[in-house]
Every structure is written in C-alpha cells, then in structure tokens.
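This report concerns only the one structure given below.
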Amino acid sequence: MKFDEQIDHYLEGRLSADEALALEQQIACDMTLAEAYVNQAWLHASLKTSTALADRAPGLSAKPREEKHREFRNFAFGAIAAAFAVAACFLLIRSESGAVLDPVATLEKADGTRWAGSDLPTVEGAELVAGTLHLVEGMATLAFVNGASVTLEAPCRFELIDEMQCRLHEGSIVADVPDSAHGFTIDTQQLEVVDLGTKFGVTATPLGGDHVFVFDGEVEVREIQKDSADSPTLVTGGRSLHFGGSAENQAEAPRPTNLDATANLRGDQFLVSTATGGGKDTFIRRGHQGSEGSSPLLMAKHTELAPNNERRTLLGFDLIGWNAPEASDVVLQLQTRSSGLGFGSLVPDSVFEVFGVLDPALDEWSENELNWSTVSAFSDTELDPQQFRRLASFTIKRGAAHETVEIRSEALTDFYNTRRGALATILIARVTGG
C-alpha cells in the first residue's frame, strides 16, 4: 500500500491497531512523511467538512451562512492545528533524540518485507537518518547519498551510523560501492570491513560466526578485538574469509526415546520426527570426507560453478514398532533458516525435489559416518529409479530465509504407508543452480 493510501486509511479509521502504530512510528522518524501527513490531514478535513455542509438539505435545519462558515473554520482549523501539533511532536522527538537530521540513505526497494522493532521508516522511498532497521522477512535495498547500495536479507538487524559507516548486528548484506564512496565501512561485533571500491557481502550469525565474501574489487578486514596496530587483511575478488564460531560445535539436543505413535496423537493426527527414536538427519557434500551429522542445519545445494559445493539432505524416520494406522494424508514439514554461508539476493527462486528411498539396504546409514563417497547411490548425478522414487517438489522463494515449508502429495502418503514398521529415508536435492 502506498504512503498516501495508508494515510487515507489511517484518517478514516480503516487501519488495524498494529498498522496504525507502524504508520505513526514511520511518520515520527521522517519529517518528509510528517509534512505529507499534515498536508493530507488538512485536505481530508477540508473535504469532510465541505461534504458534511453540502449534504444538509435546504430548509431542513439549515444553518445561517455565517454559522456554516464558522463551523467549517472551526472544524478545519481544529484539524490542521491537531495535525501541526502532531508534526511539532515529531520534531520534538527528533530533537530530543539527538539523531542526525540529514538523511544518509533512502529505502529504495522493499521486496516482500516485514519489519519489527525498527526505529526508522520502512516504507519504500523513505529517507533514512541514523538509526536501526530490523528486517524480519524479504529483502530491502538502501541507496546511500554517497552512491553506495546495500541490500539487506532477512532476518537482518542493520544500523546506519552515518553515510560512510554502518553496523551489521545480525544477518546478511550485499554492498555495491562505487569510487565515490571509497572507504565505506561495515562493522560487525568481530570485524571492521572497509571497502576499497568493490562489491562484497558480509554475514553475522550465531551459527556460523562472521563471513566476508568479495565478489569484485577488494576490501580491508580488521578483527576488532585485536591490537589496532595489526595490519588489516586484504581480501580480493573471488575470495572469502570466515571468523568466529563453527556450526559444527553446536551441542546436540537430547533425543526423545518414545516410539509409541499413540503418545503423539493430536486428534486424528500424529507426529514423526527425525529427532525421535532412531531418527536421523544429515547432509552430504561432494569432495568432503567428513560427516556433517552434528550440524544444526541441513543443506541442499546445486551448482556448476563450484562442483565441490554440491550438497544433498537426508532425513531418516524411525517407524519401527509404531502401531499407527494407515495415513490418509502425510505432510513433510521443513523450517528454512539463514545459513550465513551465502546471499539470497544473488540466488533466484529455488526448486527442490524430494525422493523416497525404496531399497531397505540404503536405510542403514549413520549421520556421524555418512559422507559423499560412503554410499554412492545418494550422490549419483542421476538417481536410480529402482532405488529412489520421486515424491514431490517445492520452491523456496528468493530471499525467504525464515519460513515453514509444507510438502504433501499422494506419492508421499503412499511412501509413508509402505514404510510403516520400518525405517524410512527421504533425500532432498536442489534442482536450481546457483
């Protein structure tokens, strides 16, 4: 919804409480929007009063001309006074906050965005001063006054300090910096990344530490905790650096042991998880000989640019001993998360395919031992139709880093029913290259 439409709906009382609060916060942080609100409120009051006076039928309790004019003046002046009082309040908030009034960037583009807890306006086209943006869903591109462009990928918390310095608290960004913004800096909790005329990406995530990727040109990277006299690391195009924690060091949660389907009943539904009983899950990566069983994330990737980054996900469900009846409908549910190892703004909508393993011998894999070469059937370019059955496909939209994906099909339901009382393995492979 455009800003002027939002104001109309606000003045007419057609916004929800949350929508109204969000709009008020946007106006409070942007004087251009506050001025637009005042002008629109005046116009709205004028039209409303004029319409009300014109609707009075002649001869039916009609007021004298002077009283009509006085009514209009009182109503309209009251409305504009209230509007300017709101604007003055906005000015007072801005003044007492000590924020820099000069805009440092513009919210140029917002694709499928949802925001939470931002102290800056989040409507497309809004001018941004120093402050913080918290993007929950989608992607947003900021155009800085110095010519730099920064794309935020949800979930992301990003702070604008001034036109030459920002801070990435959490999430991923891609920056495209021209010569006019030489020295543009992105800080994280661990790093200071200084642009030397380039296009680069930075991620900050609790799962994978901080990453810096340089697509073109070069940047200087300095670890904040180290002695400031230490020379920064120069990272050039095509290279990347990783700092901080590893996803492989995450502790594994206790595993439930109950295998009785009746204990999981919810009405006429029951739940099966890879964390139940002998359930298991992992991913395999081409060229990597170690297992990924301890990783908290399951990854699936397809690329011809870097073949050793090919990944496939394996899900093992323990159905042994379950006395559940035959299912009429089966849903496979996945939670997508940001891995901190790439940039969604550089990837298109991605299609994935889901396969059921038909050969019981292939169900006997261990998540702490399996890798790309352990069981060649899982890593074949073309899966053997005698061993695998295609069950479904699904799409993850560009930039959708945090959502629930639900997959259902007749083939998936049939696969589950044929595997009741045994192990069931599902393989997920990405079709879309990237």
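None of the values given here were measured: they were computed from a predicted structure.
- A 4.5 Å side-chain heavy-atom check between Leu334 and Leu315 finds at least one atom pair inside the cut-off.
- Here the side chain of Arg408 pairs no donor or acceptor atom with the backbone of Asp329 at under 3.5 angstrom.
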Evaluate Leu314 against Leu427 for side-chain contact (heavy atoms from CB on, under 4.5 Å), listing each step before the verdict. CA-CA 5 Å; Leu314 287 159; Leu427 183 147; 3.9 Å; yes

Distance-only donor-acceptor pairs under 3.5 Å for side chains of residues 350-362, two or more places apart:
residue	atom	partner	partner atom	Å
Ser350	OG	Pro348	O	3.2
Glu353	OE2	Arg390	NE	3.1
Asp359	OD1	Ala361	N	3.0

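- Using a 4.5 Å heavy-atom threshold, the side chains of Phe144 and Leu160 count as touching.
- Between Ser172 and Thr203 the shortest heavy-atom distance is OG-CG2, 3.1 Å.
- Here the CZ atom belonging to Phe317 is positioned 8.5 Å from the CG atom belonging to Asp281, to the nearest 0.5 angstrom.
- Among all heavy-atom pairs drawn from Val150 and Ala175, the shortest one is CG2-CB, 4.1 Å.
- Residues Ala424 and Asp363 approach most closely at C-OD1, 4.2 Å, considering heavy atoms.
- In this model, a donor atom of one side chain and an acceptor atom of the other lie less than 3.5 Å apart for Ser373 and Gln289.
- Atom CG of Leu319 is separated from atom CZ of Arg419 by 8.5 Å, given to the nearest 0.5 angstrom.
- Of the N and O atoms on the side chains of Thr303 and Asn309, not one donor lies less than 3.5 Å from an acceptor on the other residue.
- Residues Leu191 and Glu223 meet the side-chain proximity criterion, which asks for heavy atoms closer than 4.5 Å.
- Listed for the Ser180 side chain is a donor-acceptor partner under 3.5 Å among the backbone atoms of Asn146.
- Residues Thr374 and Trp365 bring no donor and acceptor atom of their side chains to less than 3.5 Å of each other.
- The closest side-chain heavy-atom distance from Leu107 to Val123 is not below 4.5 Å.
- Ile407 places none of its side-chain heavy atoms less than 4.5 Å from the side chain of Leu391.
- The environment of CD in Glu159 is crowded: more than 12 heavy-atom neighbours from other residues, nucleotides or ligands sit within 6.0 Å.
- Side-chain N/O atoms of Thr106 and Glu127 include no donor and acceptor closer than 3.5 Å.
- Asn368 and Ser291 share no donor-acceptor pair across their side chains, judged by distance under 3.5 Å alone.
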Are Leu383 and Arg312 close enough, and set up right, to give a side-chain contact (heavy atoms from CB on, under 4.5 Å), and what steps lead you there? CA-CA 12 Å; Leu383 296 176; Arg312 291 178 178 177; 3.6 Å; yes

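- Other residues, nucleotides and ligands contribute only 12 or fewer heavy atoms inside 6.0 Å of the CD atom of Glu410.
- Residues Leu133 and Leu135 fail the side-chain proximity criterion, which asks for heavy atoms closer than 4.5 Å.
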Begin with the C-alpha distance, continue with both residues' side-chain angles, and end with the deciding distance and a verdict on side-chain contact (heavy atoms from CB on, under 4.5 Å) for Val136 and Trp115. CA-CA 5 Å; Val136 178; Trp115 307 82; 5.8 Å; no

For a side-chain contact (heavy atoms from CB on, under 4.5 Å) check, start with the C-alpha distance between Asp187 and Gln165, then their side-chain angles and the critical distance, and finish with the verdict. CA-CA 8 Å; Asp187 293 337; Gln165 184 177 11; 2.7 Å; yes

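- Side-chain contact between Glu310 and His302: present, with at least one pair of heavy atoms (C-beta onward) separated by less than 4.5 Å.
- Taking 4.5 Å as the limit, every side-chain heavy atom of Asp179 sits out of range of all side-chain heavy atoms of His182.
- In summary, Lys280 and Glu367 do not engage in a salt bridge, as defined by a charged side-chain N under 4.0 Å from a carboxylate O.
- For the atom pair Leu234 CG and Arg239 CZ, the distance stands at 8.5 Å (nearest 0.5 Å).
- Within the model, atoms CD1 of Ile161 and OG1 of Thr185 stand 9.0 Å from one another, a figure rounded to the nearest 0.5 Å.
- Across all non-hydrogen atoms, the minimal contact from Ser240 to Val235 is N-CG1, 4.3 Å.
- The CG atom of Leu297 sits 8.0 Å away from atom CZ of Phe283, with the distance rounded to the nearest 0.5 Å.
- Side-chain N or O atoms of Asp318 include one that pairs as donor or acceptor with a backbone N or O of Ile320 at under 3.5 Å.
- Side-chain atoms of Glu170 never come within 3.5 Å of backbone atoms of Arg157 as a donor-acceptor pair (strictly under, hydrogens ignored).
- Using a distance-only test at 3.5 Å, with no hydrogens or angles considered, no donor-acceptor pair links the side chain of Asn417 to the main chain of Glu326.
- When every heavy atom of Arg389 is checked against every heavy atom of Phe415, the shortest pair comes out as NH1-N, 4.5 Å.
- Atom CD of Glu153 sits about 4.5 Å away from atom CE of Met139, to the nearest 0.5 Å.
- Counting all heavy atoms, side chain and backbone alike, Arg285 lies closest to Asn308 at NE-O, 3.2 Å.
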